[in-house]
Amino acid sequence: MDKIHKKYLLPSYIPTLLFSPLYIIFFHHLSVPVAGDSPHVYNPTETIFLYCGSSKNISSLDPTRTWIGDINSEHFPLHQSENNASTTAEPSQQPRGAVDKTPYMSARLSRFQFSYTFNLTPGQKFIRLYFYETSYPNLDRSKAFFSVKAGSFTLLSNFSTSLAANDSHQDTILKEFCVNVPENQNLNITFSPSQEYKDSYAFINGIEIVSMPPDLYYTTATGGKEFPFLGQLSGALFSLSNSSALEMVYRVNVGGRPIPAANDTGMYRTWSDDVSYLTEAYPSALPVNLTFQPNFRSIHNYSAPVEVYQTARTMGNDNKVNENYKLTWEFPVDSAFTYLVRLHFCEFQPEITETGNRIFEIHIANQSAEKRADVIAWGGESGVPVYRDYAVIMGSKANQKKQNLSIALQPAPAYMTNYSDAILNGVEIFKVDNSGSLAGPNPDPPTTPTTVKQTTSGNNSSNNCKIIIAVVVGVGSSFVAVSVVLLFIRRREISKVNEYSGSHSVKKSWWDRFSSFTTTSKSTKSNSSSLPSDLCRHFSLSEMKAATNNFDKVFIIGVGGFGNVYKGFINSESGRGTTQVAIKRLNPGSQQGAHEFKTEIEMLSQLRYLHLVSLIGYCNDAGEMILVYDYMPHGTLRDHLYGSDNPPLSWNQRLQICIDAGRGLNYLHTGAKQVIIHRDVKTTNILLDEKWVAKVSDFGLSKVGPASTTSKAYVSTAVKGSFGYLDPEYIRFQRLTEKSDVYSFGVVLCEVICARAPIIRTVDKIHKKQGNLAGWALQCYDQNGTLDQIIDPVLKGKIAPQCLKKFCEVVMSCLDNEGIKRPPMSDVVWGLEFALQLQQEYEKLGICVSQLDDDDDDDESLINNYASDYDSGGMFSRIGGHVLESRSMSKMTISSSDDYGFSSKDSDSKPIIV
């Protein structure tokens, strides 16, 4: 029997059923919102409906939603340039595609960036953006290209409402996202016109923010909600942490009608029907049990509305027919993203009441998801709603912007089950962010048909023959020419090798040398130079390819001196579950090679500390050198200081990150069996995990310190490190000590407070000294005893003066020109902890930093007034006894690379080797 492909036409009896008076009456009854105390309704802790470009508060057709105008709104402040303020406008006509015209009847528009700030409770939120693609005064609708960011996540990039509307054939666009709001942080939603298109502008009609249950889609704090990761190693599991963002791509009520937001379980989600996505369904029944009430008994009662579980699509009554095809849907999705697919089930047919009555297979994206799907077994009994989650990667494919993500249900044969049939009630598909971005490509613009000149058949035939002959002759000539060239090159190379090998041994490439090293290492475990596979995991190249979708470029999250860094997923050593990891793959053209690879493994495999990035394993198969680390969702410290669109870190956050990194370095210097000198301390080698805990990374240049514990002990070695961070004493004398790390860390501290690069080569001659951050900081400190002249403008007025002075003392002590005068890392950490404590005490006492000025006597009086009852001779009375000894700073001005006798091409402090 022929299968039905692409657009499926419903059987003749189904339209009759759908539009019969009885069906409409009953479903009108089912569409009434359920009372708030119903077990399957969620009561959000936070609901915000912002009507952009309006000064009015308007109720929508849904009586539970009142839209608040953003003009003069104190609750949701708008941030924009005074000289380039946004405008507001009302469309000239009402949207055709929306039943509810709110919030589409006003808009905020601008050719410049603008943003809203939302003061929210911590937790996971739905963010819904409403756009009405129409003509606005003095603006070309085709020029609306813009990006949208929510916190650190890019939701849309170079997004075109015109192209999106053409693609969907609707003039209204709703984009839904899920993000987590951390504690003590506001949520900024920023709209930025694209710089890639002339006269572009950004606009927004409405913003909706609704709290969601903490375990609805994300992994819970206790580690639950892990689900199969299809296409990965056997038994691999996937989880969604708070550091991930989601975009809702499809939410479908299978076999039923669309469900409006008012009929959802309190979270205002909309559900479409599934007819547009069916590609194979014969004869597909649409069972409707009007008296059926699902038995909501799980903690996920609110996962879908009642209507989703009261309708479904099955395969019909003929088992033989069912066994010969798959009930299939296809959903176009963006390439190069991971997707969360949630399938909803509820077994309510009266004849199916026991385990094994209906068994079927589930295939997602042409990969097996379930071999024996049994809804009764999942729910425990008939009538219990359940859902199943799966993760799948839709990698790049021949430069295709989109691919079809298929969901196919295959019934088990009759000898395995009572009914060779399958059932599905609902589908949700979410895009998972790729390194903080959910932005996909715009649809292609509509093509204009071209006129083809008609010719006679005789002319066509003649022209075709000429074309074929020309192609054959051209290909043949090219083949002969290429063959001759290759033969000539081959003979020349053989001649050179023979001539050279007559008196010399053939020089080995770096990989040949490393291969011989690893081969020798594997041959004897007792060899001290062998790679420590007993201390960290050895991965095969096939595992690395599976983890990165064959090193797909879309999974690159960073590029360093070693090579590309990929985000990937590996199977746990227990064989159950997946781990999100960072995979660093050596670039054959890198300055670093086998030695750095070996050093990194030997160092990190023996070190386990909270503030050091953990090495999970390595791969050295088939000419590859790959390192696998813990994944750090928030990236590098530099990413959050300058050179990116990330929101600025607070001063307290920066201090805590410095303390964490300092503890990591102190552990290297004092906590390991031998002193370990990192030798490449910089902000790009300080990584931030999901909870913003800082960890020191990249040990490829690390060196074991001197065996002697005397203050003058050092290791004599060539200068290696990153320009701008190098210890001047180390550069002059090639004498490496742990105090070299202290100096580099002092530069990091300067970056943290100033939010600028350590080296800027674009400064003019007059401001030449400002090009080197360390030298400039020393000069500023000599002038007035702090760095307040050059601190990050974001921090102005937010740092308590005593905290600033203490921090500057620590910085200056680290940057001392003589290594012996620099403090050990333990003292540096203590000084930073004390600075943080000073800042926190100011805040606890309720002192507003803006009340304080440079007059120490007045500040002291103000502090004493606040602290007299609170402190009682405690914290502030002991300040003098715990201050690090101020050290006289030798003046040092570093103005250019010529001062050191070498140069670096880059200004971004990449590793250099002298």
Check your understanding: Does the pair Arg269 and Glu176 meet the rule for a salt bridge (charged side-chain N to carboxylate O under 4.0 Å, His left out), with working shown?
Key -> CA-CA 9 Å; Arg269 299 170 297 180; Glu176 179 183 301; over 6 Å; no
Review point. Could you state the interatomic distance from OG (Ser147) to CG (Leu155), rounded to the nearest 0.5 Å?
Key: 10.0 Å
Check your understanding: Quick check: does any side chain N or O of Lys175 sit under 3.5 Å from a backbone N or O of Arg128, one acting as donor and the other as acceptor?
Key -> no
**Study point:** Atom NZ of Lys401: over 12 foreign heavy atoms under 6.0 Å
**Key:** yes
Point to revise | Chi angles and distances behind the salt bridge (charged side-chain N to carboxylate O under 4.0 Å, His left out) call for Arg96, Asp171 | key: CA-CA 7 Å; Arg96 301 183 307 274; Asp171 52 5; 3.7 Å; yes
Exercise for review: Please say which of Gln403, Lys431, Gln400 ends up in a side-chain hydrogen bond (donor to acceptor under 3.5 Å, both in side chains) with Asp334.
Suggested key: Lys431
**Study point:** Phe337 side chain reached by Met394 side chain, heavy atoms, under 4.5 Å
**Key:** no
Point to revise | is_close_aromatic(Tyr250, Trp329), centroid dist under 6.0 Å | key: no
Review point. Could you give the distance from CD1 (Ile364) to CG (Leu343), rounded to the nearest 0.5 Å?
Key: 5.0 Å
Check your understanding: Going from OG1 on Thr88 to CZ on Arg108, what distance comes out if it is rounded to the nearest 0.5 angstrom?
Key -> 6.0 Å
Practice item. Fit a plane to each ring of Tyr116 and Phe114, take the angle between them on a 0 to 90° scale, and name the class: parallel (under 30°), tilted (30 to 60°) or perpendicular (over 60°). Key: perpendicular
Point to revise | Student check: side-chain heavy atoms of Asp264 and Pro305 closer than 4.5 Å | key: yes
Practice item. May I ask you to check whether Phe348 and Tyr309 place their ring centers less than 6.0 Å from one another? Key: no
**Study point:** Residue pair Asn442 / Phe159, side-chain heavy-atom distance below 4.5 Å
**Key:** yes
Review point. Donor-acceptor pair, Asp70 side chain versus Cys52 backbone, under 3.5 Å?
Key: no
Exercise for review: Ignoring hydrogens and angles, state whether a donor on the side chain of Ser406 or Glu330 is under 3.5 Å from an acceptor on the partner side chain.
Suggested key: no
Review point. Between Phe203 and Tyr136, how do the two ring planes meet: parallel, tilted or perpendicular, split at 30° and 60°?
Key: tilted
Check your understanding: Do Glu690 and Asn242 touch side chain to side chain, with heavy atoms closer than 4.5 Å?
Key -> yes
Review point. Quick check: does any side chain N or O of Tyr339 sit under 3.5 Å from a backbone N or O of Val249, one acting as donor and the other as acceptor?
Key: no
**Study point:** Heavy-atom check, side chain of Trp271 versus side chain of Glu428, under 4.5 Å
**Key:** yes
Review point. Quick one: does Leu216's side chain get under 4.5 Å of Gln124's, heavy atoms only?
Key: no
Practice item. Please say whether more than 12 non-hydrogen atoms of neighbouring residues, nucleotides or ligands are located less than 6.0 Å from CG in Asn57. Key: yes
Exercise for review: Taking the side chain as every heavy atom from C-beta outward, state whether His640 and Trp692 have any atom pair closer than 4.5 Å.
Suggested key: yes
Check your understanding: Which word best sums up how the rings of Phe430 and Tyr217 line up, parallel for under 30°, tilted for 30 to 60°, or perpendicular for over 60°?
Key -> tilted
Point to revise | Test item: Val275 and Arg313 side chains (from C-beta on) under 4.5 Å apart, heavy atoms | key: yes
Point to revise | Aromatic ring proximity, centroids under 6.0 angstrom, Tyr387 and Phe345 | key: no
Point to revise | Matching residue for Ile204 among Tyr132, Phe146, Phe131 - test: side-chain contact (heavy atoms from CB on, under 4.5 Å) | key: Phe131
